[in-house]
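So the structure is just underneath, and the comments pick up after that.
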Amino acid sequence: MTKKEIVKTISEEIGLTQLKTKEIVQKTFDAIVTTLVEEGRIELRNFGVFEVKKRAARKARNPRTGAKVDVDEKFVVTFKPGKEMEERVRQLEEKARQGRLESEQQASGETSPYSSPPQPTSETPNYGSPYSSQPNPPNPGDYGS
């Protein structure tokens, strides 16, 4: 999702113009960056924590040439998601796992105890059901001799 898509979604939800919403979103991002630069940490409840950390100098290897390279120390921004975000992502992961299990079971012909039984289609006659709009099947002796 891009910033433009975020702006569009928010403006539709709260009824502001996209121009005004874009300004608010940009000011929010600017405030986050300014706080990180000045204080090194910003905590957004139910979202997560952004923090500036110093990454130590190290020896690395150029993957193209294989030559050893010195990498200077540098500051990096880290993000640790909050509990609510973690839980929602975990739920997403659980739904994906359940979907994979169901598709594997369907491919192998097994049925999941959590899935509903297959529903009849218009091509599938449902003879003999008191709730069926289909007539009962003919008896072989009904054709007269």
Side-chain angles (χ1 to χ4, degrees), residues 1-37 39-69 71 73-143:
M1 178 174 255
T2 64
K3 182 167 61 172
K4 187 175 186 177
E5 292 168 331
I6 291 171
V7 167
K8 184 177 180 191
T9 302
I10 293 172
S11 72
E12 288 171 356
E13 285 183 24
I14 63 175
L16 284 177
T17 65
Q18 286 190 22
L19 195 60
K20 191 66 178 170
T21 305
K22 181 181 177 184
E23 186 179 332
I24 293 168
V25 169
Q26 187 59 53
K27 293 276 186 199
T28 303
F29 291 159
D30 292 344
I32 291 170
V33 172
T34 301
T35 304
L36 281 172
V37 168
E39 298 178 26
R41 176 182 163 94
I42 184 165
E43 182 176 336
L44 305 170
R45 300 270 179 203
N46 298 325
F47 186 75
V49 178
F50 292 94
E51 194 169 17
V52 176
K53 292 185 178 180
K54 186 187 282 189
R55 185 171 288 163
R58 61 190 172 88
K59 299 249 186 237
R61 188 178 58 82
N62 182 332
R64 190 173 299 170
T65 64
K68 293 197 177 204
V69 179
V71 177
E73 69 180 18
K74 63 180 178 179
F75 290 99
V76 294
V77 177
T78 61
F79 176 74
K80 183 175 187 272
K83 288 180 183 179
E84 186 175 314
M85 184 186 296
E86 286 274 341
E87 182 58 35
R88 290 179 69 179
V89 170
R90 198 172 298 119
Q91 289 172 358
L92 177 69
E93 186 178 278
E94 186 59 38
K95 284 181 186 176
R97 185 179 305 121
Q98 185 65 34
R100 283 193 307 272
L101 284 174
E102 288 177 4
S103 63
E104 288 172 6
Q105 288 173 346
Q106 287 175 355
S108 67
E110 299 175 28
T111 58
S112 167
Y114 304 108
S115 63
S116 59
Q119 297 298 315
T121 64
S122 59
E123 294 89 35
T124 309
N126 190 8
Y127 294 121
S129 170
Y131 306 107
S132 169
S133 62
Q134 300 286 333
N136 288 331
N139 289 327
D142 287 347
Y143 292 112

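This structure is a prediction, so every number in the text was calculated from the model and none was measured.
Note on residues 53-69: pairs passing salt bridge (Lys or Arg N to Asp or Glu O under 4.0 Å), not counting sequence neighbours, are Lys54-Glu73, Lys59-Asp70. Sorted by first and then second residue, the salt bridge (Lys or Arg N to Asp or Glu O under 4.0 Å) pairs with a member in residues 75-95 read Glu86-Arg90, Glu87-Arg90, Glu93-Arg97, Glu94-Arg97; sequence neighbours excluded. For residues 6-15, there are no side chain to side chain donor-acceptor pair (under 3.5 Å) pairs, not counting sequence neighbours.
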* To do: Carefully, step by step, assess Val49 and Phe79 under the rule side-chain contact (heavy atoms from CB on, under 4.5 Å).
  => CA-CA 6 Å; Val49 178; Phe79 176 74; over 6 Å; no
* Asked: Taking it one step at a time, do Leu16 and Ile10 satisfy side-chain contact (heavy atoms from CB on, under 4.5 Å)?
  -> CA-CA 8 Å; Leu16 284 177; Ile10 293 172; over 6 Å; no
* Test log, rule side-chain contact (heavy atoms from CB on, under 4.5 Å), inputs Val76 and Val52 -> CA-CA 6 Å; Val76 294; Val52 176; over 6 Å; no
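Residue Ile14 qualifies as enclosed at atom CD1: its count of foreign heavy atoms under 6.0 Å is above 12.
For the atom pair CZ (Phe29) and NZ (Lys3), the distance works out to 6.5 Å, reported to the nearest 0.5 Å. The CD atom of Gln106 sits 11.5 Å away from the CG atom of Leu101 when rounded to the nearest 0.5 Å.
Nearest approach of Lys20 to Thr17, heavy atoms of both residues: N-OG1, 3.1 Å. Residues Met1 and Ile6 share a closest heavy-atom pair of SD-CG1, 3.5 Å.
Within the 3.5 Å criterion, the main-chain N or O of Thr2 finds a donor-acceptor partner in the side chain of Glu5. Of the possible polar contacts, one joining the Thr78 side chain to the Glu51 backbone as a donor-acceptor pair under 3.5 Å is found.
Evaluation of the side chain to side chain donor-acceptor pair (under 3.5 Å) rule for Gln18 yields no partner, not counting sequence neighbours. Residues that satisfy the salt bridge (Lys or Arg N to Asp or Glu O under 4.0 Å) test with Lys27, not counting sequence neighbours, are absent from this structure.
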With a 3.5 Å cut-off and sequence neighbours excluded, list the donor-acceptor pairs that the side chains of residues 41-48 form with protein atoms.
residue: Arg41; atom: NH2; partner: Glu43; partner atom: OE1; Å: 3.2
residue: Glu43; atom: OE2; partner: Arg45; partner atom: NH1; Å: 3.1

